[in-house]
Amino acid sequence: MATTRSAHTVWEGNLFQGNGVVSFDSSGSIAQQPVTWASRAEDANGRTSPEELIAAAHSSCYSMAFSNILDKAGTPPAKLVTSADVTFQPGEGITGIHITVEGTVPGISEEDFLARAEEAKVGCPVSQALKAVPITLSAKLS
């Protein structure tokens, strides 16, 4: 069964002096978040950005995909800690995403861990949606 998740943003003013508020409609579990051009292209100063939201989506999706791949291989993870760094260059756009994962996975070799980490990077649905952007990976077995 397909699912659809929704969010919306109300923006006021021009790009450089304006501001917006992102609302997470589907879950309501995240408070509204302020967003500005400065929080995107300069310092965050307590505000989010499209890139931070993409990083959150990518790190959580990757963790789920990797967990599933490991489990199907008979080596379910005890713990995965995943971060995603999304680089935004004004005038160019999103220029790269770097995923870092460290896992505690009993009974797996370093070689198998790295191979399955790469498989998750390629197969994760968010990675698939973002494949126009270079995605790199650093993986470490604890």
Side-chain angles (χ1 to χ4, degrees), residues 1-12 15-142:
M1 170 165 73
T3 58
T4 301
R5 300 293 182 249
S6 303
H8 77 275
T9 300
V10 176
W11 186 269
E12 296 177 344
L15 175 62
F16 298 108
Q17 285 82 40
N19 62 77
V21 176
V22 180
S23 297
F24 299 85
D25 302 332
S26 299
S27 68
S29 65
I30 301 171
Q32 291 182 325
Q33 296 296 309
V35 61
T36 64
W37 173 256
S39 67
R40 184 177 198 182
E42 299 168 16
D43 291 326
N45 290 323
R47 297 178 184 96
T48 194
S49 68
E51 291 71 29
E52 182 178 41
L53 298 171
I54 290 169
H58 207 170
S59 67
S60 60
C61 183
Y62 178 89
S63 293
M64 288 184 224
F66 193 18
S67 174
N68 190 45
I69 288 167
L70 290 165
D71 188 47
K72 285 183 176 180
T75 53
K79 183 177 183 180
L80 297 173
V81 178
T82 306
S83 63
D85 299 308
V86 178
T87 302
F88 174 73
Q89 178 64 47
E92 290 182 48
I94 296 173
T95 57
I97 300 170
H98 185 73
I99 298 169
T100 303
V101 63
E102 184 170 340
T104 304
V105 185
I108 195 169
S109 70
E110 181 83 19
E111 182 180 347
D112 286 344
F113 179 82
L114 296 175
R116 291 189 176 107
E118 184 65 29
E119 182 183 345
K121 182 193 87 169
V122 173
C124 159
V126 172
S127 292
Q128 289 292 309
L130 299 172
K131 59 183 160 185
V133 178
I135 300 170
T136 56
L137 173 68
S138 297
K140 178 182 175 187
L141 186 58
S142 298

Side chains of [X] and [Y]: does their closest heavy-atom pair fall under 4.5 Å?
X: Ile135; Y: His58; answer: yes
X: Val81; Y: Val101; answer: no
X: Leu70; Y: Leu80; answer: yes
X: Phe88; Y: Thr95; answer: no
X: Arg47; Y: Gln33; answer: no
X: Ile94; Y: Glu51; answer: yes
X: Val21; Y: Val35; answer: no
X: Val86; Y: Glu52; answer: no

Discussion item. Around atom CD of Glu110, are there more than 12 heavy atoms from other residues, nucleotides or ligands closer than 6.0 Å?
Written reply: yes
Check whether any side-chain N or O of [X] sits under 3.5 Å from a backbone N or O of [Y] as a donor-acceptor pair, and report yes or no.
X: Thr100; Y: Ser138; result: no
X: Ser127; Y: Gly123; result: no
X: Gln17; Y: Leu15; result: no

Atom of [X], atom of [Y] and distance for their closest heavy-atom approach:
X: Ala120; Y: Ala65; answer: CB-C, 4.3 Å
X: Tyr62; Y: Ala117; answer: OH-O, 2.8 Å
X: Leu137; Y: Lys121; answer: CB-CD, 3.8 Å
X: Pro34; Y: Gly46; answer: CG-O, 4.0 Å

Worksheet item: Please, which pairs that meet side chain to side chain donor-acceptor pair (under 3.5 Å) have at least one residue in residues 68-93, sequence neighbours excluded?
Response: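 Every pair satisfying side chain to side chain donor-acceptor pair (under 3.5 Å) with a residue in residues 68-93: Ser63-Thr82.
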Fill in: Worked verdict on Phe113 versus Val105 for side-chain contact (heavy atoms from CB on, under 4.5 Å)
CA-CA 8 Å; Phe113 179 82; Val105 185; 3.9 Å; yes
Discussion item. If I take atom CD1 from residue Ile99 and atom CD1 from residue Ile97, how far apart are they, to the nearest 0.5 angstrom?
Written reply: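 Output value for this atom pair is 7.0 Å.
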Worksheet entry | From Asn19 atom CG to Thr9 atom OG1, the distance as rounded to the nearest 0.5 Å | 11.5 Å
Solution key, residues 22-30 side-chain donor-acceptor pairs under 3.5 Å, sequence neighbours excluded:
| unit_1 | atom_1 | unit_2 | atom_2 | d |
| --- | --- | --- | --- | --- |
| Ser23 | OG | Gln32 | NE2 | 2.8 |
| Asp25 | OD1 | His8 | ND1 | 2.9 |
| Asp25 | OD2 | His8 | ND1 | 2.9 |
| Ser26 | OG | Ser6 | N | 2.4 |
| Ser26 | OG | Ser6 | O | 3.4 |
| Ser27 | OG | Ser29 | N | 3.1 |
| Ser27 | OG | Ser29 | OG | 2.9 |

Practice prompt. Decide, yes or no, whether a salt bridge links Arg116 with Glu119 under the criterion of side-chain N to carboxylate O below 4.0 Å.
Written response: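 Salt bridge: no.
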Item to complete: Look at the aromatic rings of Trp37 and Phe16 and report parallel, tilted or perpendicular, splitting at 30° and 60°.
Response: perpendicular
